[in-house]
Amino acid sequence: MKKFKLIAGPCVIENLMTPMRVASELQRICDKLDIDYIFKSSYVKANRTHKDSFQTIGLSDALGVLGDLKGMGHTILTDVHESTDVHEVSPYVDILQVPSFLCRQTQLIESIAVTGKPINIKKGQFASPQSMKYAVEKFKRISNSDVYLTERGTSCGTNQLIVDFIGIPIMKEFADHVIIDATHSVQQPNQGEVTGGNAEMIETIALAGIAAGADTLFLEVHPNPKEALSDAESQLPLEKAEELITKVSKLYSFLNETKK
């Protein structure tokens, strides 16, 4: 049985203290439950809807936060949007992520492969689960490191995402790990200047994804989501994290320990 993993943190590094607070609490929860924890936060948000939306506290400061957390023993994941950024960002993290809109960008995937680090490729809202096989092949022809594939919903019209859970076992056929992203999957895009969301459905998506066969849970977590500078409508409140993670971990253990 693969050990269950949690990838979680605030959507973006919006100050120096929130990432530390969230990482500390989530690490405590994961240590208690004996699951692997990977801290995730974006050092820059390069794909905002509105030109005036928050992007970064500054590249140097944001990468410094990731470096500090890595130095404290946390496993770190962040996303990169350009192949030219990979070399600069790589020393600060353990896993590099390809955003969903960029899952077909060959040069970006190959640039990450050259680092020797694992990759998380988020399935595009426009992509089929079957098509992600070719993204994996782009990486594996260069690197033997693990490939994570993330299910985060498929566009249904312009304002709604739908998760087809059949895609999880399909992607398990060619990925080393399959992730259910329970927070981005509840987003409601194109609502105006900011993306909407239905955070009440996070638990439903998380449990259903694990039941379908995902071995990793992805959450964006914030102490006060309403004050978050990105994805305010779809982040999980930090105070609710332990209850949800415990439920998901128990379900994962039950399903996998009872397999014949």
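Side-chain atoms are counted along with the backbone in the values below, which use heavy atoms only and exclude waters and symmetry mates.
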From [X] atom [atom1] to [Y] atom [atom2], the distance as rounded to the nearest 0.5 Å:
X	Y	atom1	atom2	result
His184	Thr195	NE2	OG1	9.0 Å
Leu26	Arg21	CG	CZ	11.0 Å
Tyr252	Leu207	OH	CG	15.0 Å
Ile7	Asn120	CD1	CG	5.5 Å
Leu66	Ser41	CG	OG	7.0 Å
Leu219	Gln235	CG	CD	10.0 Å

Side-chain heavy atoms of [X] within contact of [Y], under 4.5 Å:
X	Y	answer
Leu33	Phe4	no
Ser145	Ile119	no
Ile205	Phe165	yes
Glu173	Lys133	no
Ile121	Thr150	no

Within 45° cone and under 6.0 Å: Lys5 NZ/CZ vs Tyr148 ring: no

Residue pair Ser185, Leu161: steps toward the side chain to side chain contact (heavy atoms under 4.5 Å, CB included) verdict: CA-CA 6 Å; Ser185 291; Leu161 297 174; 5.9 Å; no

Please determine, by modelled atom types, if [X] and [Y] share a side-chain donor-acceptor pair under 3.5 angstrom.
X	Y	result
Ser230	Lys45	no
Asp85	Ser83	no
Glu227	His222	no
Asp79	Gln97	no
Gln187	Asp231	yes
Lys123	Thr154	yes

Looking only at heavy atoms, what is the nearest atom pair of [X] and [Y], with distance?
X	Y	result
Ala62	Thr56	CB-OG1, 4.1 Å
Leu217	Ala182	CD1-CB, 4.0 Å
Ile57	Leu16	CD1-CD2, 4.0 Å
Ala23	Phe39	CB-CD1, 3.7 Å
Ile168	Gly213	CG2-C, 3.7 Å
Ala214	Ile179	CB-C, 4.3 Å

With the 4.5 Å side-chain cut-off for hydrophobic clustering, are [X] and [Y] part of the same group?
X	Y	value
Leu238	Ile35	yes
Tyr43	Ile76	yes
Val22	Met20	yes
Val98	Val147	yes
Leu69	Phe218	no

Please determine whether a side-chain nitrogen of the Lys or Arg among [X] and [Y] lies less than 4.0 Å from a carboxylate oxygen of the Asp or Glu.
X	Y	value
Glu203	Lys247	yes
Glu25	Arg28	yes
Lys122	Asp181	yes
Lys2	Asp176	no
Glu242	Lys32	yes
Glu220	Lys40	yes

Would you check if the side chain of [X] reaches a backbone N or O of [Y] as a donor-acceptor pair within less than 3.5 Å?
X	Y	result
Ser253	Ser249	yes
Thr115	Ser90	no
Ser143	Phe139	no
Gln125	Ala127	no

Any residue meeting side-chain contact (heavy atoms from CB on, under 4.5 Å) with Asn15, in chain and number order, not counting sequence neighbours: Met17, Thr18, Pro19

Residue that, paired with Lys70, satisfies side chain to side chain contact (heavy atoms under 4.5 Å, CB included) out of Val93, Asp94, Val65, Thr75: Asp94

Heavy atoms from other residues, nucleotides or ligands near [atom1] of [X] exceed 12 (cutoff 6.0 Å):
X	atom1	answer
Glu82	CD	no
Asp31	CG	yes
Glu137	CD	yes
Gln130	CD	yes
Phe126	CZ	yes

Worked check of side chain to side chain contact (heavy atoms under 4.5 Å, CB included) between Lys226 and Glu233: CA-CA 7 Å; Lys226 295 300 182 183; Glu233 298 299 322; 3.2 Å; yes

Intermediate values then yes/no, salt bridge (charged side-chain N to carboxylate O under 4.0 Å, His left out), Asp215 and Lys3: CA-CA 8 Å; Asp215 60 73; Lys3 191 172 182 181; over 6 Å; no

Parallel, tilted or perpendicular: rings of His74 and Tyr37 (30°, 60°): perpendicular

Residues Val178, Thr216; criterion side chain to side chain contact (heavy atoms under 4.5 Å, CB included); working and verdict: CA-CA 6 Å; Val178 174; Thr216 305; over 6 Å; no

